[in-house]
Amino acid sequence: MNITVLDDYQDTIRTLQCFDKVAGHRVTIWNDHTKDVDALAARLEDTEALALIRERTPIPAPLLERLDKLRLISQVGVYPHIDVAACTRRGVIVSASTMPGRPSYATAELTWGLVLAAFRRIPQEVAALRAGKWQAYPIGIGLRGKTLGIYGYGKIGGVVAGYGRAFGMNVLVWGRETTLAKARADDHAVAESKDDLFEESDVLSLHLRLIDATRGLVTAADLARMKPTALLVNTSRAGLVAPGALEAALRAGRPAMAAVDVFEEEPVLGARHPLFSMDNAVCTPHLGYVERDGLEHMFSMIFDQMVAYAGGEPMNVVNPEALEGRPPRAPAAR
């Protein structure tokens, strides 16, 4: 098959051990990014199987209508960026494992790295030291005895809560009732309300899926309730916070700091984001899940799904109706 991998920014996929799984196929890898339909249509003109790295590139109906050779889209995770209905109409199979039972440890670890970086002002002090200064910023803050708020006690939130406990923090959880029951079972305290979570947390970390019900869930009023010494951490999705609310809150001093790994439009190039110019914001370029072992695990499944399709037995199919469209295209004899 002609396989294409989009958005491999760091040119990592060809270096993974699992890359051997597609050694018998023709693989094209793009390291830059575009959302332009014309550009993508040209790049994917001969593509039969498309590998996506999470939600980096939208695959809308106008693009799919121009990809006559496409038979399979393979990825892991959720797929709001793919027009699944259009795929089904065109007989394009979407294989997407949600990797059940496995948290993104890489995201949880980065979350904790951001907490430490923000509270101890690590990026600022590193830059100051390189500029010839010594202990140039206001003194940092320790974590022991502070309250770690977890908004959304799912797989990643549960891991981050465990890190907080290991650092001697008091964990406070809020979210859906089903997740609160799990938090109680794990012996964590549950906030009396959403307002209570924002008011009591010294560190508040967001771990929610972005769906219609959660878009803009964190409002300016929520942020205004936070302590003037507190930190908001977002390694989940930028859309969880109302547009512009975090920048305004940081200027107003509640919370004192933010650590952010996610942005509404990605990638963010040319330093074109207001948070990047704010000294009380630590920002990283969506590195949460971008870690070698995690990508190895992810692409092992992505390539397994491709190999299964090539063998005539597609797996993890989210639109089985597409199987009634075009039959799987057997790879050409070699």
Side-chain angles (χ1 to χ4, degrees), residues 1-9 11-31 40 43-61 63-64 67-107 155 209 289-332 334:
M1 294 186 298
N2 286 327
I3 295 172
T4 299
V5 180
L6 291 178
D7 300 306
D8 181 14
Y9 301 145
D11 199 18
T12 302
I13 306 308
R14 70 180 76 251
T15 72
L16 301 175
Q17 292 182 6
C18 65
F19 194 65
D20 289 345
K21 293 184 177 186
V22 290
H25 303 279
R26 295 174 293 277
V27 182
T28 301
I29 298 176
W30 292 89
N31 305 126
L40 286 168
R43 291 183 178 191
L44 302 176
E45 181 180 10
D46 295 321
T47 299
E48 295 163 298
L50 173 61
L52 299 180
I53 301 179
R54 301 293 291 267
E55 301 159 48
R56 291 181 177 178
T57 294
I59 308 296
L63 174 60
L64 289 161
L67 304 179
D68 291 334
K69 297 181 181 179
L70 185 65
R71 298 294 189 271
L72 172 73
I73 297 174
S74 183
Q75 66 154 64
V76 300
V78 295
Y79 37 88
H81 54 300
I82 302 173
D83 190 329
V84 176
C87 287
T88 302
R89 288 194 301 272
R90 295 186 60 78
V92 176
I93 293 168
V94 179
S95 287
S97 170
T98 57
M99 312 294 274
R102 177 185 170 88
S104 175
Y105 293 107
T107 301
K155 290 186 289 187
R209 284 183 57 193
Y289 66 90
V290 183
E291 174 267 337
R292 180 167 292 275
D293 290 342
L295 285 180
E296 186 78 58
H297 193 75
M298 179 189 304
F299 267 86
S300 182
M301 177 58 72
I302 288 172
F303 291 146
D304 281 347
Q305 291 170 168
M306 289 184 166
V307 171
Y309 169 83
E313 297 182 357
M315 59 188 289
N316 301 324
V317 176
V318 303
N319 59 337
E321 299 85 357
L323 297 171
E324 302 169 7
R326 304 176 186 171
R329 182 181 185 275
R334 306 184 72 79

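Hydrogens, waters and symmetry mates are skipped; everything else that's a heavy atom, side chains included, is used.
Counting heavy atoms from C-beta on, the side chains of Ile82 and Glu55 never come closer than 4.5 Å. Contact of the Asn2 side chain with the Thr28 side chain is not registered, since no non-hydrogen atoms from C-beta on lie closer than 4.5 Å. With contacts defined as side-chain heavy-atom distances shorter than 4.5 Å, the pair Tyr289/Ile53 qualifies. You'll find the side chain of Leu64 reaches within 4.5 Å of the side chain of Ile73, heavy atoms only. Looking at Tyr79 and Leu52, their side chains never come closer than 4.5 Å, going by heavy atoms from C-beta outward. A 4.5 Å side-chain heavy-atom check between His25 and Met306 finds every atom pair outside the cut-off. At a threshold of 4.5 Å between non-hydrogen side-chain atoms, the residues Leu6 and Leu40 count as touching. No side-chain heavy atom of Lys69 sits less than 4.5 Å from a side-chain heavy atom of Met1.
With hydrogens and angles ignored, the 3.5 Å screen pairs a side-chain donor or acceptor of Glu296 with a backbone N or O of Gln17. Judged by distance alone, the side chain of Thr15 and the main-chain N or O of Thr12 form a donor-acceptor pair under 3.5 Å. Put simply, the side chain of Asp8 never gets that close to the backbone of Ile29: no donor and acceptor are under 3.5 Å apart. Of the possible donor and acceptor atoms, none in the side chain of His81 sits under 3.5 Å from a partner among the backbone N and O of Thr57. Between the side chain of Asn316 and the backbone N or O of Thr98 there is no donor-acceptor pair closer than 3.5 Å. With hydrogens and angles disregarded, a donor-acceptor distance shorter than 3.5 Å links the side chain of Ser104 to the backbone of Thr107.
Closest heavy-atom contact between Ser95 and Leu72: OG-CD1, 3.6 Å. Residue Phe299 comes nearest to Ala51 through the heavy atom pair CE2-CB, 4.1 Å, listed as atom of the first residue, atom of the second, then distance. In plain terms, the two heavy atoms of Leu323 and Pro314 that are nearest each other are CD2-CG, 3.7 Å. Closest non-hydrogen pair, Cys18 versus Ser300, comes out as SG-N, 3.5 Å. When all heavy atoms are compared, the tightest approach of Arg209 to Val78 is NH2-CG1, 3.8 Å.
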- prompt: side-chain hydrogen bond (donor to acceptor under 3.5 Å, both in side chains) between Ser74 and Gln305: does it pass, once the steps are laid out?
  reply: CA-CA 6 Å; Ser74 183; Gln305 291 170 168; 2.8 Å; yes
- request: Give the C-alpha distance, both sets of side-chain angles, the deciding distance and a yes or no for side chain to side chain contact (heavy atoms under 4.5 Å, CB included) between Val27 and Phe19.
  value: CA-CA 10 Å; Val27 182; Phe19 194 65; 3.9 Å; yes
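Screening Val94, Leu50, Val84 against Ile59 for a side chain to side chain contact (heavy atoms under 4.5 Å, CB included) leaves a single residue, Leu50.
A distance of 11.5 Å separates CG of Asn319 from CZ of Arg89, quoted to the nearest 0.5 Å. Rounded to the nearest 0.5 Å, atoms OG1 (Thr4) and CZ (Arg43) are 10.5 Å apart. Note that CG of Asp46 and CG of Leu70 are 11.5 Å apart. Values are rounded to the nearest 0.5 Å. From Cys87, atom SG reaches atom CD of Glu321 across 12.0 Å, with rounding to the nearest 0.5 Å. Residue Arg102 holds its CZ atom at 11.0 Å from OG of Ser97, rounded to the nearest 0.5 Å. Note that CZ of Arg56 and CD of Gln75 are 12.0 Å apart. Values are rounded to the nearest 0.5 Å.
Figure legend: Arg71 and Tyr309 shown without cation-pi pairing, the cationic atom not lying both under 6.0 angstrom from the six-membered ring centre and within 45 degrees of its axis.
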